[in-house]
Amino acid sequence: MLNDQKVSFSGIQPSGNLTIGNYLGALKNFAEYTESYKCFYCIVDEHAITVRQVPADLRRRSYEMMALYMACGLDPEKATLYVQSHVPAHAELAWILNCFTGFGELSRMTQFKDKSQKHADNINAGLFTYPALMAADILLYQTDIVPVGIDQKQHVELTRDIATRFNQLYPGTFTIPEPIIKKTGMKIMSLADPTKKMSKSDENPNAVVYILDDKDTVIRKFKRAVTDSETCVRMGEGKDGINNLISIYSCFTGKTAEEIEREFDGRGYGEFKLAVGEACADSLDPVREEFARILADKAYLEAMMKKGADEAAYYARKTITKVRRKLGFVQI
Ligand code: ATP
Ligand code: LTN
């Protein structure tokens with residue numbers, strides 16, 4: 001808690017084009033907190049280099065993410081939007097927290113297991129200690145809530161454990177954060193294999209709907225979405241494809257699953273898929289237009305990045321100074 005105001009913090013890696021999974025599980029929810037919380041939303045480029053990146057792509061995507069944050073309704077006057085590597089305190093606190101994190105704890109992280117399988121030729125120490133950097137991101141700002149998709153729950157729980165352990169040794173250092181995971185949208189599944197999470201690094205472009213896909217592409221991808229051999233639009237066990245489409249439609253329209261089942265009673269999958277595509281495209285159209293407008297003004301984006309980094313550094317310095325003092329580092 002900063003000056004009695006509660007804090008919301010989250011981060012997204014600039015490691016690929018953002019999907020509707022990133023949008024519905026995280027980004028869309030960020031703006032909700034800007035009125036009542038002090039919000040920090042970070043572009044976590046230091047996390048992204050745990051996997052090899054092409055420098056020009058990483059740079060371009062960092063600008064794009066800044067523009068996308070704003071296009072999704074985040075006002076840089078109300079929320080602190082910034083790039084992680086612009087605030088060196090993240091890396092500093094990450095080192096310190098590494099010394100308070102167990103090897104066993106890190107070994108249990110499912111994201112590490114998944115990513116080391118996917119990138120077997122580059123299982124680096126950063127990929128392994130990634131959660132300590134994420135804990136540093138969150139704890140630097142005395143964060144109360146962390147809006148994320150369900151796949152990040154384990155990392156936020158580890159952050160809580162690290163903070164509790166640190167506080168036991170050095171009382172009153174960190175606020176213990178809580179993950180905020182929305183029931184609908186917390187895990188959007190792949191359109192090609194609805195038993196798998198929709199992921200921005202999926203190689204099959206038909207599996208993923210990108211936030212910046214145009215209307216025709218969105219509709220085409222939903223038309224091809226894998227479903228089952230039934231025809232009735234109804235949630236059910238083993239109906240992963242339809243369950244996923246109902247969740248997506250629910251997120252974009254605000255209708256409940258029951259309302260959706262009633263709306264499509266007696267109508268087939270084809271009609272339903274078209275409606276999901278249209279609802280998704282209609283919601284994303286204004287985001288795409290706004291994104292293009294903001295991205296065209298590089299000077300403005302850089303000015304906003306600088307403003308965000310200065311604000312974040314101001315709050316981060318308070319925590320890092322406290323941590324250094326508590327640990328017994330000499331202050332000069
Ligand atoms: P990658 O494919 O590179 O692992 P990713 O698509 O999982 O990336 P991240 O940058 O790791 O994206 O995640 C950013 C945010 O989006 C996190 O809060 C994460 O929980 C959320 N998120 C990612 N994918 C989904 C999904 N399919 N459904 C809901 N939320 C998601
Ligand atoms: N680990 C997250 C990205 C991330 C994050 C954070 C999310 C890095 N730091 C702090 C919330 C809070 C991911 O892979 N999606």
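All values below come from the heavy atoms of this structure, side chains included, with hydrogens, waters and symmetry mates left out. Keep in mind that this is a model prediction, so the values were computed, not measured. As the structure lists them, so they are numbered: ligands from 1, and atoms in each ligand from 1.
- Nearest non-hydrogen protein atom to atom 8 (O) of ligand 1 is Lys200 NZ, 3.3 Å.
- A perpendicular orientation is assigned to the rings of Phe264 and Phe272, their planes being inclined by more than 60° (bins at 30° and 60°).
- Atoms CD1 and CG, from Ile162 and Asn167 in turn, are 12.0 Å apart once rounded to the nearest 0.5 Å.
- Within the 4.0 Å heavy-atom shell around ligand 1 one finds Gly185.
- Among all non-hydrogen protein atoms, the one lying nearest atom 28 (N) of ligand 1 is Ile188 N, 2.8 Å.
- Ion pairing between Asp202 and Lys196 holds under the 4.0 Å rule for side-chain N and carboxylate O.
- Closest to atom 9 (N) of ligand 2 among all protein heavy atoms lies Asp137 OD2, 2.7 Å.
- Within the structure, ligand 1 lacks Thr19 among the residues with a heavy atom less than 4.0 angstrom away.
- Near Tyr130, the atoms of ligand 2 lying under 4.0 angstrom from a non-hydrogen atom of the residue are 1 (N), 2 (C), 3 (C), 13 (C), 14 (O).
- No part of Val156 comes within 4.0 Å of ligand 2, judged by heavy-atom distances.
- Relative to the six-membered ring of Phe112, Lys115 misses at least one condition, a distance below 6.0 Å or an angle of at most 45° to the axis.
- A cation-pi arrangement, defined by a distance under 6.0 Å to the six-membered ring centre and an angle within 45 degrees of its axis, is present between Lys298 and Tyr63.
- Ring geometry, Phe128 versus Phe103: the interplanar angle falls from 30° to 60°, so the pair is classed tilted.
- Between Ser10 and ligand 2, no pair of N/O atoms sits closer than 3.5 Å.
- The atoms of ligand 2 that sit less than 4.0 Å from any heavy atom of Gln13 are 13 (C), 14 (O).
- Selection from Lys115, Gln13, Met186 by nearest heavy atom to atom 29 (C) of ligand 1 gives Met186.
- Proximity annotation for atom 25 (C) of ligand 1: of Pro14, Gly21, Gly16, Gly21 comes nearest, heavy atoms only.
- Atom 2 (O) of ligand 1 has Ser199 OG, 2.4 Å as its closest protein atom, hydrogens excluded (heavy atom only).
- Nearest to atom 20 (O) of ligand 1 among the protein's heavy atoms is Asp151 OD1, 2.4 Å.
- Distance check: Tyr210 OH to Lys200 NZ gives 10.5 Å after rounding to the nearest 0.5 Å.
- Using a cutoff of 4.0 Å between basic side-chain nitrogens and carboxylate oxygens, Asp265 and Arg262 are not scored as salt-bridged.
- Residue Val44 approaches ligand 2 through these ligand atoms, each under 4.0 Å from one of its heavy atoms: 8 (C), 9 (N).
- Atom CG of residue Asp144 and atom NZ of residue Lys6 lie 4.5 Å apart, to the nearest 0.5 angstrom.
- With respect to atom 17 (C) of ligand 1, the closest heavy atom belonging to the protein is Gln152 CG, 4.0 Å.
- Residue Ile12 has no N or O atom closer than 3.5 Å to an N or O atom of ligand 1.
- With salt bridges taken as basic N to acidic carboxylate O contacts below 4.0 Å, none links Lys187 and Asp151.
- Under a 4.0 angstrom heavy-atom cut-off, Ser15 registers as being in contact with ligand 1.
- The part of Val146 lying near ligand 2 is the side chain, judged by heavy-atom distances below 4.0 Å.
- A salt bridge links Asp282 with Lys215; the closest basic N to acidic carboxylate O contact falls under 4.0 Å.
- A salt bridge is absent between Glu157 and Arg160: the closest approach of a Lys/Arg side-chain nitrogen to an acidic carboxylate oxygen does not fall below 4.0 angstrom.
- No heavy atom of Gln84 sits closer than 4.0 Å to any atom of ligand 2.
- Given atom 18 (O) of ligand 1, the protein heavy atom at minimum distance is Gly149 N, 3.3 Å.
- At the shortest separation from atom 24 (N) of ligand 1 among protein heavy atoms lies Lys197 NZ, 3.5 Å.
- Of all protein heavy atoms, the one closest to atom 15 (C) of ligand 1 is Ala26 CB, 3.8 Å.
- The contact set between ligand 1 and Val148, taken as ligand atoms under 4.0 Å from a residue heavy atom, comprises 18 (O).
- Hydrophobic cluster membership is shared by Val146 and Met109, with clusters built from Ile, Leu, Val, Met, Phe, Trp and Tyr side chains linked at under 4.5 angstrom.
- Residue contacts with ligand 1: Ser201 is placed with a nitrogen or oxygen under 3.5 Å of a nitrogen or oxygen of the ligand (distance criterion only).
- With salt bridges taken as basic N to acidic carboxylate O contacts below 4.0 Å, one links Lys306 and Asp310.
- From the protein, the heavy atom lying nearest to atom 7 (C) of ligand 2 is Gly11 O, 3.4 Å.
- The shortest contact between atom 10 (C) of ligand 2 and any protein heavy atom is with Phe9 CE2, 3.5 Å.
- Looking at Lys182 and Glu32, a side-chain N of the basic residue comes within less than 4.0 Å of a carboxylate O on the acidic one, giving a salt bridge.
- If you look at Asp151 next to ligand 2, there are no close heavy atoms at all, none under 4.0 Å.
- A single hydrophobic cluster is seen to contain both Tyr23 and Val276, as judged by linkage of ILVMFWY side chains at heavy-atom distances under 4.5 Å, directly or through other members.
- Of the listed options Val51, Ile248, Asn22, Leu27, Asn22 places a heavy atom closest to atom 12 (O) of ligand 1.
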